[in-house]
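Note sheet for the following structure.
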2 protein chains.
Amino acid sequence: MRITIKDIAKRTGVSHSTVSRALGGNTLISEATTDCIRKVAQEMGYQPSAAARSLKTNQTKVIGVIVNSIDDPFFSEILFGIEDAAQQAGYSLFIAASQYDLIREQNIVQTMMEQRTDGVIICSSSFSADKGRQLLANGFPVVVVNYKANENFNYSIYHDDVDGSQQLTRHLLALGHKKIAYLGNSKSGRTSLDRLNGFKKEMRKAGVKINPAYIFEVEGSEPELGKDGLHYFMNLPDRPTAIMCFNDMLAIGFLHACQQACIRVPEDLSVTGFDNITLSAYTSPPLSTLDQPKYSIGNEAAQLLLELLGNKIENSNNTHKEKVLKGSLLVRNSTSAPLQNE
Amino acid sequence: MRITIKDIAKRTGVSHSTVSRALGGNTLISEATTDCIRKVAQEMGYQPSAAARSLKTNQTKVIGVIVNSIDDPFFSEILFGIEDAAQQAGYSLFIAASQYDLIREQNIVQTMMEQRTDGVIICSSSFSADKGRQLLANGFPVVVVNYKANENFNYSIYHDDVDGSQQLTRHLLALGHKKIAYLGNSKSGRTSLDRLNGFKKEMRKAGVKINPAYIFEVEGSEPELGKDGLHYFMNLPDRPTAIMCFNDMLAIGFLHACQQACIRVPEDLSVTGFDNITLSAYTSPPLSTLDQPKYSIGNEAAQLLLELLGNKIENSNNTHKEKVLKGSLLVRNSTSAPLQNE
DNA sequence: TGTCTTTCTGCACACGTGTGCAATAATTAT
DNA sequence: ATAATTATTGCACACGTGTGCAGAAAGACA
């Protein structure tokens, strides 16, 4: 049987309450007994029961994190940022991946509620608003990350996708491109829309018209879908000279498709990504992209949540807090000036 | 305040024991009252407290998973395999990343023990054996994945790296290569060693001698290190015609370095990876590699652990169980016959 | 010496759930 | 109608921890 504070109490000849206080660092207990108890606890290999503790204190010191998919390298960096902040404050992470699956989503919410997670960070842009509201309704503090249904949530951290997209567009315009196209991801909702809007905004600003045929969406951001995108754009009577991909994963697939089709990048076609995942530096050619401050985004989200946990009053209030972080343009070799004769 | 079974009891006019039994599906309770209680529980939005439950039942229905790093795409597929098996059996996952950091490792073990995880799956090849033993000593069922200090653990699932490496070597030999080199990862311990041994074994079998200078190790498998590997091999007086990289990440960096150095793959140099991560299909050229059955590995590991949880007797026993899975060769375009004049 | 602080510790209850046992109600057998 | 059986429910305790309150011990002061 696993040993408890009662066992320590028996061994040291004090009551279990004294043990509880001593281990908790309560100054009421004399230094002598505290030291003794601590030593015995150490010797016996005592491990407190999180379950019993949280049952009594009504807090678990665990925060739940919901992501789309674990194997998306984009999320993993956000997780680092969250983890660092959480660990520093003595919190552990309960990570769950929704996998774009409604049943899984329901299970996750169910589990988080039963586990009495102290709070939840939703990093899944596709996570259904219903489920999120369910958490809120049950009194869970919720912080959303890069989730654009902000009207539903009071606390959010997100990246300024409109600005990021504008930076990329500006870069392409400066290189001399006019026939710029956007390859979006219909599954990604607002995120894809914002990036599209940034593109449109900057083009309007520069007074360059966008060919309506230059806006195309695929259903997801798996690299495989890049091929569909390329196929579409190359079959247009008037081909674009630059493609802005929704994100790096898609861009990587797109670059690969270019290579298979013997389309030279950046000579024949400039390509950009979005996010700056690790592997985007190793594509051929290395991808020009927008570097999202992923770590900071995660870190800020965790800090905001921790703040909410500190003063629980705020949460019931109708206070509203959001933070917008901007990324920075990262020029590598997948972009260059268009050929003269185009 | 959150509602409990007592609230439901008050509302339905029965005792809380009856509610507990009804919700638990105990057949002692009449169908009528069970239905009634279930309905009321639903209406009131009752969510059982995992903490209270596990305090009483002495099981948490949570299994801990320790990985090296979340952003390694290799682990994420293993996680899928684990998750599917776990979820089907009503278990949730508590995932933690050690990040090759000793302090983090200690924290993880601490947390798992306090949370009273029902069992632990260690997927981190670098995880210190001490910490693993600590878990065992505290009565946690442990299954290790691709962890080669098997002498310490009774239950393990792993991939046959020796065989995999032999398959790759055989492939290169069949293409006509004789000057084959191995780029290892010193941080990866036995895994890298097994792959090296498979290489040696197959070469011996074919009666081809290995130039001792053709075995080189870097400290890690970040793509960036591929450059160091290339630099080393290209400075040899007698260059190899094929390089077997420890894994895909390293191979991706290696390919990138080749491109920068204007070395054509596979014409000038054949390159292989190991693991078959998603992005290995999108490199330039697409990488020939060994497809590890990652999902199956994870799935089998979870099933083994679940089996252990079923009959706890086995665990105290000195029974020993291990399962070895084999991968399959995946030929893409980074390998070809060596040039005639070499 | 007695009283009043101050310092320290134990008693008893609580958190939300599960379960053995006894008690009650309903049904059947005699 | 009574006894015996079965079906259904409640009582009371337990899991491991934390905490208000009272009580004991020790020292300070009159």
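Within every chain, numbering begins at 1; the chains are lettered A, B, ... in the order of the sequence lines, protein sequences first and strands thereafter.
If you measure from atom CZ of A:Arg21 to atom P of C:dT9, you get 10 Å, rounded to the nearest angstrom. Rounded to whole Å, the distance from CD1 on A:Ile37 to C1' on D:dG18 is 14 Å. The distance from atom CD1 of B:Ile8 to atom P of D:dT9 is 16 Å, rounded to the nearest whole Å. In this structure, CD1 of A:Ile29 is placed 16 Å from P of D:dA26, rounded to the nearest angstrom.
For the side chain to side chain contact (heavy atoms under 4.5 Å, CB included) test with B:Asp118, the passing option among B:Leu308, B:Thr60, B:Val62 is B:Thr60; the others fail.
Ion pairing between a basic and an acidic side chain is recognised when a charged N comes within 4.0 Å of a carboxylate O; B:Arg38 and B:Asp35 show no such pairing.
Using a 4.0 Å heavy-atom criterion, one finds that A:Ser54 contacts no nucleic acid atom at all.
When the salt bridge (Lys or Arg N to Asp or Glu O under 4.0 Å) test is applied to A:Asp101, no partner is found at least two apart in sequence or on another chain.
At least one cation-pi condition fails for A:Arg104 and B:Phe80: the charged atom is not both under 6.0 angstrom from the six-membered ring centre and inside a 45 degree cone around its axis.
Checking the phosphate oxygens (OP1, OP2) of D:dA12, no side-chain nitrogen or oxygen of B:Ser17 falls inside 4.0 Å.
In terms of position along DNA chain D, the nucleotide closest to B:Leu28 lies nearer the 5' end than the nucleotide closest to the other residue of the pair A:Leu28 and B:Leu28.
A donor-acceptor distance shorter than 3.5 angstrom exists from the side chain of A:Asn138 to the backbone of A:Gln134, with no hydrogens or angles considered.
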Can you give me the N/O atom pairs linking the protein to nucleotides 15-17 of chain C at distances under 3.5 Å, or say none if there are none?
residue : atom : partner : partner atom : Å
C:dT17  : OP1  : B:Tyr46 : OH           : 2.4
C:dT17  : OP1  : B:Ser49 : N            : 3.3
C:dT17  : OP2  : B:Ile5  : N            : 2.8

For a side-chain contact (heavy atoms from CB on, under 4.5 Å) check, start with the C-alpha distance between B:Glu105 and B:Ser128, then their side-chain angles and the critical distance, and finish with the verdict.
CA-CA 8 Å; B:Glu105 284 188 3; B:Ser128 86; 3.4 Å; yes

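Of all nucleotides listed (C:dG10, D:dT8, D:dG18), D:dT8 comes nearest to the side chain of B:Ser30.
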